[in-house]
Amino acid sequence: MAQYEKYWLKVWNDKRIFESEAVPGRKKAFVTFPFPYMNGPLHIGHCFTATRVDIYARFKRMQGYNVLFPWAWHWTGESIPGMSYRLSLGDEGVRKAFLEIDGVPESEVERFVDPEYLASYYTRVSREAVKDTGFSVDWRREFRTVDPAFKKFIDWQYLRLRELGYVVQGTHPVVWCPHDESPTGDHDRMEGEGVSPEEFNLLKFEVEGGKKRWLVAGTLRPETIFGATNVWVHPEGKYVEANVDGEAWVVSQSAVTKLSEQLHDAKITDEFKGSDLVGLKVKAPITGKSLPVLPATFVDTEIVTGVVYSVPAHAPYDYMGLLDLQEGRAKAPPAAVLLAKELKPISLISIKGYSDIPAEDEVKKRGIKDSNDPKLEDATAELYKAEFHRGVMKENTDRFKGMKVSDAKEKVIEEMKRKNLLSIMQELPERVVCKCGTRCYVKILENQWFLNYSDPAWKELTKTVIRAANVYPEQSLEWYFSTIDWLRNWPCARKSGMGTKLPWDKEWIVETLSDSTIYMAFYTICQFVNGEKLQFGQLLPEVFDYLLMGKGSDAHVSKLSGIEMKVLKAMRNEFLYWYPVDMRNSAKELIPNHLTFYAFHHAALFEQKHWPRGFSVNGMIQIEGQKMSKSRNVFITWRHALEQYGADGLRATLALAADGMDDADWKAKNAEDISSKIDSLFPFIEKGLANSTEREKELSDRWLLSVVHGRIDVVTKSLEEMKIRKALSVALLDVWNDIRWYLRRAEKPRYETLKMVFETWIRLVAPFIPFTSEELNSKMGNKGLITTADWPSVVDFPLDEAAEVSELLVAKVIEDARNLLKIIKEQKKRLTIYVSSDVASEYFRELAKSEKGGSDRGEVIRKFASSGIKPERVIKLQYELGEELVRRISALGRFDEFAVLSSAAPFLSNEIGIEVRVFKAGDKKTEDPANKAKDALPFKPSFYLE
RNA sequence: GCGGGGGUCGCCAAGCCUGGUCAACGGCGUGGGGCUUAGGACCCCAUCCCUUAGGGGUUCGUGGGUUCGAAUCCCACCUCCCGCACCA
């Protein structure tokens with residue numbers, strides 16, 4: 001970090017220029033960045049997104065807006081306590097990540113077993129990084145989502161949402177960790193990422209003989225019951241008889257827990273080994289066929305009921321299991337082998353491209369030799385998919401024959417349900433292990449609280465929020481709408497973790513994405529809490545009703561809460577002044593959740609005038625072309641980047657990284673280049689001014705001032721639309737190139753021109769690189785702060801079309817001449833330039849006018865017929881120059897090319913490297929030994945090289 | 001699979017909505033020159049191919065189509081990225 005960066009930080013801080021108060025009547029801009037989650041240090045991804053916010057904030061401030069940019073910290077949720085817990089268990093991976101990736105000192109990590117400490121540590125270091133980067137934040141409004149006052153705010157929010165019918169109760173299956181007693185989301189898993197519950201069918205096979213009891217088999221393919229030949233159990237597995245909802249079921253021991261977690265009443269009454277079941281006969285549902293129970297080691301007692309029925313014709317596992325038994329590969333009692341030998345696969349589905357026994361085809365194709373071959377997984381998946389989509393039920397399937405398998409499945413389920421032969425169990429198709437190390441299963445959670453995002457009326461209202469807002473970049477708009485359509489009810493509370501309890505049901509804690517939807521409103525008043533103008537306990541729901549909705553009288557609310565009337569009114573004023581948020585910028589990944597939730601909740605709770613006004617997103621950040629990932633150590637903390645490149649280097653690199661929804665690639669090389677480019681501003685400006693002189697304006701000055709007009713315009717418009725990259729690219733690089741041209745072009749740069757342009761330039765780049773701007777400004781001897789200076793105005797830079805077009809001509813002549821010299825390799829020592837005659841220029845202008853539908857082109861051609869200029873050459877020239885340029889040239893009226901080029905002759909000579917002289921075609925004095933003058937056309941002088 | 005966004009001259013990346021000004025902005029890289037004791041920084045030139053008079057050829061994921069004319073519009077395909085829920 002440069003020394004001057006520290007200096008300016010202190011100046012800004014001492015002058016409190018980022019502390020913003022409501023000033024009724026003054027235009028305001030309220031900008032926000034979604035508060036970051038404090039389970040780790042901020043990284044350059046945060047920095048990328050947040051830098052864009054600060055740039056916008058600084059831009060608006062310079063435009064004269066009263067700007068509020070607040071900041072807060074997200075602590076809600078289970079991730080922080082989860083990390084502490086794992087550390088306390090001695091998890092080396094977690095510890096290592098703290099030390100090596102996050103860069104936490106050993107002594108601090110010790111204390112991370114306390115989640116509060118962990119979060120406060122990261123909050124502390126992150127706050128320092130944000131501050132040192134020069135973000136123009138009003139820190140008086142800072143909070144954490146576990147602060148008591150914030151919890152009061154969430155209380156209010158959820159009470160009101162519930163009253164309005166947006167919070168509802170429901171029952172839903174979840175992946176459950178019995179240790180944590182909490183749902184286990186994807187990010188909480190050690191194993192089984194992306195696995196979600198699937199609905200299995202439980203088919204009831206009546207055990208023949210003895211008392212009435214059911215052997216219950218799990219399957220995804222109940223329609224294959226017509227091909228069942230036997231039932232499998234694991235011979236070593238633990239099985240039980242249990243009373244399930246009043247019936248005697250035989251299932252694996254682990255199935256009983258799951259059943260009772262899935263709203264069944266289940267109690268174990270007897271226990272035995274799987275081998276004890278082998279040899280029993282059971283009656284298949286619907287078909288009524290009697291099937292033997294046989295042993296198979298591929299059966300997993302942890303999955304569903306630990307009992308499956310066998311369809312060897314269509315299930316590769318079953319097919320191999322049967323062969324294993326018949327061919328003596330499986331360990332099994334002789335009686336079972338005898339039973340197995342009588343069984344033959346029963347084909348029940350016909351499918352093109354397969355034989356009668358598709359399972360056999362799949363097994364042979366893969367060279368599978370026994371039922372423990374892992375290739376059976378693939379075989380099963382492929383066959384299942386093929387049969388489900390393309391298979392047709394055969395003759396032997398009774399009233400289902402001829403149906404597509406997909407249809408038959410539904411019908412079979414219906415029928416079995418009707419006959420009470422089928423039940424349902426939610427199960428995970430793959431092993432899922434919680435980060436705490438416990439194996440998860442599916443639990444049906446009752447009476448969960450949901451945000452009712454399915455509500456069509458709410459969806460519709462939310463769409464109007466989006467429609468009414470500015471949404472940048474425009475390609476993101478569609479994503480919001482499809483998200484709104486796609487969202488279903490969202491479970492908004494959990495049983496564990498940090499956060500706010502549901503006010504009416506203290507068992508539940510408001511979940512992290514659900515407590516961060518309208519908190520921007522809290523920023524408007526949080527400074528009163530922090531400034532101890534009131535106690536958090538005084539923040540009754542009625543207080544927020546008054547502050548945010550204007551309900552109730554100040555006198556009444558003041559009396560009720562004990563908050564001073566004066567304070568209460570001031571808070572209300574702050575809210576009314578600042579709300580809504582004018583621009584909220586985040587990474588695009590938040591569109592399908594946070595940003596859309598944000599829109600939903602505002603639609604639900606706020607009047608239209610307080611709906612969000614601006615949504616903006618940017619892409620994700622990659623590091624040297626790789627996706628950021630802590631586990632692969634592709635990770636750069638904000639602090640680290642800041643130390644390395646300085647605040648402005650970091651800011652500029654990120655600002656130039658990408659626009660729109662494109663992902664940005666962080667490259668160290670790039671950051672170095674940009675940093676040194678910024679550094680070189682100092683000598684560039686210094687030298688420029690030192691070499692300048694006091695003189696009258698000439699063409700080059702008029703040109704530069706006019707061009708800057710255009711630059712200001714583009715930068716301003718780009719910033720308004722959050723096109724940060726485009727804005728900085730123009731503000732820094734294009735203006736730089738403009739000045740370079742000027743320095744080269746002007747014989748001696750004019751001090752006044754340069755000073756004015758430099759001062760404007762410094763302000764133009766100030767939102768992006770504020771430290772450098774302040775430093776440059778003070779180095780130039782100016783007193784005021786750039787941060788609070790006025791945004792450059794185009795008014796100070798008169799457009800000068802003649803000057804701009806003149807320079808275009810000069811540049812074009814240089815380009816043409818160089819091109820020509822390159823082609824003819826022979827050494828030349830003099831270039832003669834012939835500018836077109838007045839007649840030709842006149843002709844050109846008339847023709848251009850006729851293009852726009854003015855006079856008739858034929859008539860123009862006839863008028864100039866005697867001048868000796870071929871019409872097709874002029875027409876072709878117009879095409880070459882382009883519509884826009886022709887328009888600009890014609891608009892100038894008389895444009896004296898000869899004057900421009902003859903005065904530029906010394907410059908041209910310098911640029912080209914040989915002597916240059918300029919003549920006008922048709923002039924008496926013109927020397928034209930090679931007869932080239934006749935070829936001169938407007939804006940396309942002819943050349944003679946010798 | 002579903003939803004959203006992309007594929008441009010070595011790399012990054014503008015342009016595309018509103019067709020012609022596009023061999024296609026800008027940055028980086030590379031080559032050459034200047035400055036300098038030298039290096040870096042800085043400044044200038046060049047950087048698809050061919051071309052001894054400013055010209056020509058072939059390009060914008062692939063293949064078709066519309067048009068006098070397409071990187072830009074339409075269709076199909078290939079391919080990459082993001083999101084897909086009880087989780088920040």
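So that the names make sense, note that chain A is the first sequence line, chain B the second, and so on, each numbered from 1.
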* Phosphate oxygens OP1/OP2 of rA13(B): is one of them under 4.0 Å from a side-chain N or O of Lys726(A)? -> no
* Sort out the partner of rG19(B) for me: Watson-Crick or G-U wobble, both distances under 3.5 Å, none otherwise. => none
* What is the base-pairing partner of rG83(B), counting Watson-Crick and G-U wobble geometry with both distances under 3.5 Å? -> rC2(B)
* Asked: Paired with rU58(B): which nucleotide, if any, by Watson-Crick or G-U wobble criteria at under 3.5 Å for both distances?
  -> none
* Structure fact -> Residues passing the ring pair (Phe, Tyr, Trp, His ring centres under 6.0 Å) test with Tyr519(A), sequence neighbours excluded, are Phe35(A), Tyr523(A)
* Test the Lys459(A)-Trp486(A) pair against the cation-pi criterion, namely NZ or CZ under 6.0 angstrom from the six-membered ring centroid and within 45° of the ring axis. => no
Between N or O atoms, less than 3.5 Å apart, protein on one side and nucleotides 51-53 of chain B on the other: list the pairs.
from	atom 1	to	atom 2	distance (Å)
rU52(B)	OP2	Lys825(A)	NZ	3.4
rU52(B)	O4'	Ile823(A)	O	3.2
rU52(B)	O2	Glu826(A)	OE1	3.3
rA53(B)	N6	Leu945(A)	N	3.2
rA53(B)	N6	Leu945(A)	O	2.8
rA53(B)	N1	Phe943(A)	O	3.4
rA53(B)	N1	Leu945(A)	N	2.9

* Asked: Nucleotide by nucleotide, 5' to 3', does protein get under 4.0 Å of the base (B), only the sugar-phosphate (S), or neither (-) in nucleotides 19-34 of chain B, counting heavy atoms?
  -> -SB----BSSS-----
* In Watson-Crick or G-U wobble terms, both distances under 3.5 Å, what is the partner of rA46(B)? -> rU30(B)
* **Residues which pass side-chain contact (heavy atoms from CB on, under 4.5 Å) with Asp713(A), listed by chain and number, not counting sequence neighbours** => Lys717(A), Val794(A)
* Asked: Are Tyr453(A) and the base of rA85(B) stacked, counting only ring centres nearer than 5.5 Å and planes tilted under 30°?
  -> no
* OP1 or OP2 of rC45(B) sitting under 4.0 Å from any side-chain N/O of Arg744(A)? -> yes
* Which residues pass the side-chain contact (heavy atoms from CB on, under 4.5 Å) test with Pro491(A), sequence neighbours left out? -> Gln448(A), Phe450(A)
* Only counting residues at least two apart or in another chain, list the ones meeting side-chain contact (heavy atoms from CB on, under 4.5 Å) with Ala657(A). => Phe48(A), Ala664(A)
